[in-house]
Amino acid sequence: MSGLNPKQEEARSYTEGPLLILAGAGSGKTRVITHRIAYLIEEKGVSPYHLLAITFTNKAAQEMRERVEQMIDEGQGEIWVSTFHSMCVRILRRFHDRLGGKNNFTIYDTDDQKAVVKEALKVLNLDEKQYPVKGMISAISKAKEEFLSPEELARKNEWNFHDRNVAEVYREYQKRLRSSNSLDFDDLINRTIELFMQHPDVLELYQERFRYIMVDEYQDTNHAQFVLVKMLAEKYRNLCVVGDDDQSIYKFRGANIYNILNFEEEYPDAKVIKLEQNYRSTANILNAANGVIAHNEGRKDKKLWTEREDGEKLRFTCYESDREEAAGLIRTVIDGKHDYSDYAVLYRTNAQSRVIEEGLIRAGIPYQLVGGTNFYARKEIRDMVGYLKAINNPADAQSLSRIINVPRRGIGDTTIAKLREFADAQEMSLYDAIVDVKEIPGLSRAAAKVEAFGELFEEFRRTAETGDLSALYREILEKTGYKLELERENTEEARGRIENLEELGNKITDFEIQHDGATLQDLLEDIALVADTDQEEDEAGRITLMTLHSAKGLEFPIVFMVGMEERLFPSGLSLDSDDPDATEEERRLCYVGITRAEDRLYLSAAKQRMVNGQYIYPAVSRFIDEIPKNLIERDDESFDSFERSVTSAWRPEEMSFHKKTGYIGGESARYFSQKKTDTGSRYSVKPAENRTSGGGFVPDYRVGDRVRHMKFGQGTVTEMEKGGKDYEVTVLFDTVGEKRMFASLAKLRKM
DNA sequence: CGTGGCATAGTTTTT
DNA sequence: CTATGCCACG
């Protein structure tokens with residue numbers, strides 16, 4: 001039976017009625033889901049058309065799609081494998097008009113939300129100090145999750161002045177979204193539910209279509225998502241949810257752990273299957289994880305086991321400082337003689353990556369940083385996307401006012417305010433006001449400038465109608481003078497921004513290749529919903545750095561968990577919280593971290609750590625003490641501090657490190673002031689604070705060479721131009737024609 | 001209207 | 001430390 005264990009096999013073939021699969025870490029969950037899909041199609045004769053698989057991230061959806069494709073012969077295109085949000089977009093693109101909306105709505109991301117809230121606060125004359133933007137966004141999100149309208153929220157908060165105002169912000173916010181023909185992420189879910197409630201025929205259409213529904217990472221669903229799934233599954237009741245309550249780490253963003261804990265109450269006829277055999281970690285690692293998570297209350301009863309050998313004990317090292325911690329882990333990596341890609345460094349907060357990155361750069365070890373600042377969050381990218389959004393949906397006042405004076409064209413805040421005022425008074429859109437700018441009184445010099453902008457904008461819209469997205473993008477870059485302005489700046493930063501813009505151009509071209517006949521709206525949807533396009537492919541030969549949160553679902557032979565310190569991990573905020581579950585969530589995060597490791601797990605803490613510009617002196621994390629003593633070697637008890645400071649400094653016999661990296665140095669203080677040495681690595685290693693610029697990078701190919709690009713395939717290099725630290729390479733590709741790109745970004749391989 | 005200097009705040013993250 | 005935002009000035 002295709003190599004599944006009895007439990008997995010049971011989960012594969014139990015297809016009718018509600019099913020809860022409690023899948024522990026490393027228990028072969030994805031395997032079960034994909035086998036299940038194949039089983040439904042090939043053994044049960046269910047048409048792929050009737051299947052729906054919901055995941056949380058696009059990455060997971062992508063992965064599942066690929067694995068299913070490998071298993072079944074045909075019809076995989078008909079299966080819906082999608083995230084909650086993209087599923088809802090697909091439905092609403094078809095039926096949003098039934099709710100009196102338009103089907104070509106724009107999706108507002110967190111940044112847009114922020115801008116809208118700010119406007120709302122201004123209109124309502126509320127102080128940002130008392131009503132912080134972030135707080136407002138999460139309050140609105142929370143209200144939406146509970147299906148509360150602004151009016152209902154106001155009624156609920158009738159006796160509380162402050163919260164009544166929050167409801168006012170919500171009302172104003174929603175009003176603005178409506179007039180911009182836009183939906184935020186929560187709206188995508190809620191409007192779909194609304195659609196189903198108001199139009200039973202539409203609901204039935206989808207119920208009939210999705211006769212078999214699977215939801216992955218069910219412990220991460222929020223209430224609204226729970227309701228949505230319930231509605232869809234109501235008719236056929238073939239609902240299979242997969243999750244692990246011990247890996248619920250997203251409560252802070254609305255995940256409701258009770259969705260999984262109470263599944264059996266919601267569906268009394270539900271079958272429950274526990275996958276408890278772990279195929280990933282050594283027994284020592286697994287038992288350490290079990291030992292830690294046992295300190296939590298209110299979990300589903302289960303205990304992971306493995307047939308694997310005990311393996312090495314876990315190791316905990318307490319370093320003198322965060323820098324020594326970084327240096328220590330680097331030494332371990334170098335002494336370990338494993339492939340760099342076997343290692344992952346996991347930390348609680350993004351800020352911790354910096355010290356480790358600095359060490360890795362100086363040691364010449366290539367690394368890959370997962371997460372961090374989103375590509376689409378960068379200013380220049382947001383500006384360009386702003387143009388595209390405004391062109392696609394001129395009603396989108398947010399995008400329009402973002403770009404109306406970018407680059408500077410003499411249309412200042414006062415002018416924009418007057419335009420908006422006029423638009424509001426005439427009950428027209430901002431866009432219409434721009435077109436009719438001549439009718440607006442009180443705009444002297446600025447009127448001509450607005451008019452010029454309007455004409456430029458019209459030009460873009462005409463280009464947009466041709467459907468050539470790349471041409472449109474290039475035209476915006478050139479005709480707005482955006483690129484020119486950056487080129488004139490001639491700074492390292494500006495060059496980095498140009499590279500990013502170039503990269504966005506590549507993405508757009510790539511998107512057009514992948515999706516034949518795609519519209520501007522399709523492109524924007526992809527940008528709005530697929531945030532992690534930027535994630536570099538897992539390239540061989542790099543250490544992976546990421547937060548514990550991003551590590552969920554992944555596995556590595558050797559894992560470092562750094563910063564095992566009280567108030568860092570568990571985080572201080574969770575300890576101070578009046579919600580007792582907050583610390584339990586941290587413990588689950590620790591459990592997730594430990595269970596990422598296959599063979600070896602190194603834990604560490606620092607006695608002294610730089611946080612917000614000053615040193616703190618933390619205590620060792622409680623989680624270290626929760627690991628059963630017989631499974632871990634701790635050095636913090638056997639050494640006194642003097643001894644430790646001597647042994648952790650650089651010593652002559654550690655020259656292997658220096659030889660390998662080309663670094664010539666002595667004590668740790670100098671280690672960090674030494675200039676970066678070129679390791680001849682073909683990877684560009686970029687520090688976090690300056691990820692926009694290339695590192696010291698020399699391509700190993702030249703004009704005339706044949707090269708391969710990840711997406712464009714093979715081609716011949718026709719031109720190479722050195723600009724700053726990078727090379728701008730022109731390649732004539734066999735299939736997609738000529739492309740210009742930056743060497744450090746394109747990752748061309750010589751053939 | 002644009003910009004430089006100062007004040008302020010500062011988990012985790014996806015859609 | 002460092003990113004961001006606001007205000008005052010040219």
Side-chain angles (χ1 to χ4, degrees), chain A residues 54-61 82-89 107-115 118 128-129 132-134 138 141 183-189 217 220-222 224-225 248-255 322 346-355 358 370-374 376-377 379 405-417 444-446 449 525-533 535 546-553 563 567-577 582 585-586 588-590 592-593 609-616 688-690:
Chain A
I54 303 175
T55 61
F56 259 82
T57 64
N58 289 291
K59 204 176 161 190
S82 102
T83 63
F84 271 106
H85 297 271
S86 42
M87 173 180 83
C88 290
V89 170
I107 301 160
Y108 269 13
D109 61 23
T110 320
D111 238 66
D112 297 316
Q113 287 184 291
K114 245 164 119 179
K118 279 193 177 178
E128 267 189 50
K129 288 264 155 52
V133 177
K134 264 176 113 178
S138 65
S141 180
L183 300 179
D184 65 21
F185 288 122
D186 295 310
D187 288 340
L188 293 176
I189 312 283
E217 305 284 11
D220 290 338
T221 47
N222 65 28
Q225 290 163 338
S248 157
I249 53 174
Y250 285 114
K251 190 182 180 190
F252 70 89
R253 69 173 197 217
D322 45 359
L346 310 182
Y347 36 79
R348 179 64 237 267
T349 67
N350 277 311
Q352 287 169 261
S353 78
R354 208 190 174 89
V355 181
E358 282 170 1
V370 178
T373 319
N374 191 291
Y376 291 107
K379 186 185 172 296
N405 198 31
V406 179
R408 308 261 118 91
R409 47 174 76 93
I411 305 174
D413 293 343
T414 327
T415 310
I416 298 173
S444 46
R445 271 178 313 166
K449 292 175 172 161
E525 202 165 295
D526 193 73
I527 290 173
L529 294 177
V530 185
D532 55 10
T533 350
Q535 218 93 110
M546 62 186 141
T547 61
L548 287 152
H549 281 92
S550 324
K552 196 167 96 177
R567 305 199 72 79
L568 181 59
F569 188 37
S571 83
L573 275 155
S574 79
L575 294 177
D576 299 337
S577 163
E585 177 142 318
E586 297 285 304
R588 291 193 288 270
L589 192 55
C590 183
V592 167
R609 178 178 300 275
M610 179 79 94
V611 174
N612 297 344
Q614 48 190 355
Y615 279 108
I616 56 159
E689 77 274 15
N690 191 17

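The distance from atom NZ of A:K134 to atom C1' of B:dT12 is 10 Å, rounded to the nearest whole Å. Here B:dT14 presents its C1' atom at 10 Å from CD of A:Q225, a figure rounded to the nearest Å. Straight-line distance from the CG atom of A:N612 to the P atom of C:dA3: 13 Å, rounded to whole Å. Across the protein-nucleic acid pair, A:Y108 atom OH and B:dT14 atom C1' stand 20 Å apart, rounded to whole Å. Distance, A:I189 CD1 to B:dT15 C1': 8 Å, rounded to whole Å. Atom CG of A:L568 and atom C1' of B:dT12 are 11 Å apart (whole Å). Nucleotide B:dT14 holds its P atom 16 Å from the CD atom of A:Q113, rounded to whole Å. Atom CG in A:L346 sits about 12 Å away from atom P in B:dT13, given to the nearest Å.
An aromatic stacking contact links A:F252 with the base of B:dT12, defined here by ring centres under 5.5 Å apart and ring planes under 30° from parallel.
Atom CZ in A:F185 sits 6.0 Å away from atom OG1 in A:T110 (nearest 0.5 Å). The CD atom of A:E217 sits 8.0 Å away from the OG1 atom of A:T57 when rounded to the nearest 0.5 Å.
Among the heavy atoms of the strands lying under 4.0 Å from A:N405 are primed sugar atoms or P, OP1, OP2 only; no base atom is included. Note on A:Y250: only backbone sugar-phosphate atoms sit closer than 4.0 angstrom, heavy atoms only; bases stay farther off. Base contact: A:S571 has a heavy atom under 4.0 Å from a base atom. Residue contacts for A:E586: at a heavy-atom cut-off of 4.0 Å it reaches a base atom on one of the strands shown. Among the heavy atoms of the strands lying under 4.0 Å from A:R348 is at least one base atom, whether or not backbone atoms are also near.
For A:F185, taking side-chain heavy atoms from C-beta onward, the closest of the listed nucleotides B:dT15, C:dC6, B:dT13 is B:dT15. With B:dT15, C:dT2, B:dT11 as the candidates, the nucleotide lying closest to the side chain of A:R354 is C:dT2. The A:R408 side chain lies nearest to B:dG2 when the options are B:dG2, B:dT12, B:dT15. Looking at the side chain of A:H549, the nearest of the listed nucleotides C:dG5, B:dT13, B:dT11 is B:dT13. Proximity note for A:N350 (side chain, C-beta onward) versus B:dT3, B:dT15, B:dT12: the nearest is B:dT12. Checking B:dT15, B:dC1, C:dC6 against the side-chain heavy atoms of A:T415 singles out B:dC1 as nearest. The side chain of A:N58 lies closest to B:dT15, out of B:dT15, C:dG5, B:dT13.
A:H549 places a side-chain N or O within donor-acceptor distance of the main-chain N or O of A:I249, the cut-off being under 3.5 Å. At least one donor-acceptor pair under 3.5 Å links the side chain of A:R588 to the backbone N or O of A:S248. Within the 3.5 Å criterion, the main-chain N or O of A:K251 finds a donor-acceptor partner in the side chain of A:E585.
Residue-to-nucleotide proximity on DNA chain B shows that, of A:G613 and A:S86, the 5′-proximal contact is made by A:G613. Take the nearest nucleotide of DNA chain B for A:G410 and for A:L548: the residue whose nucleotide is more 5' is A:G410.
The phosphate of B:dC1 has OP1 or OP2 within less than 4.0 Å of a side-chain N or O from A:T414.
Below the 3.5 angstrom threshold, one finds a donor paired with an acceptor across the side chain of A:T110 and the base of B:dT15.
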List the steps and the verdict of side-chain contact (heavy atoms from CB on, under 4.5 Å) for A:K552 and A:F56.
CA-CA 12 Å; A:K552 196 167 96 177; A:F56 259 82; over 6 Å; no

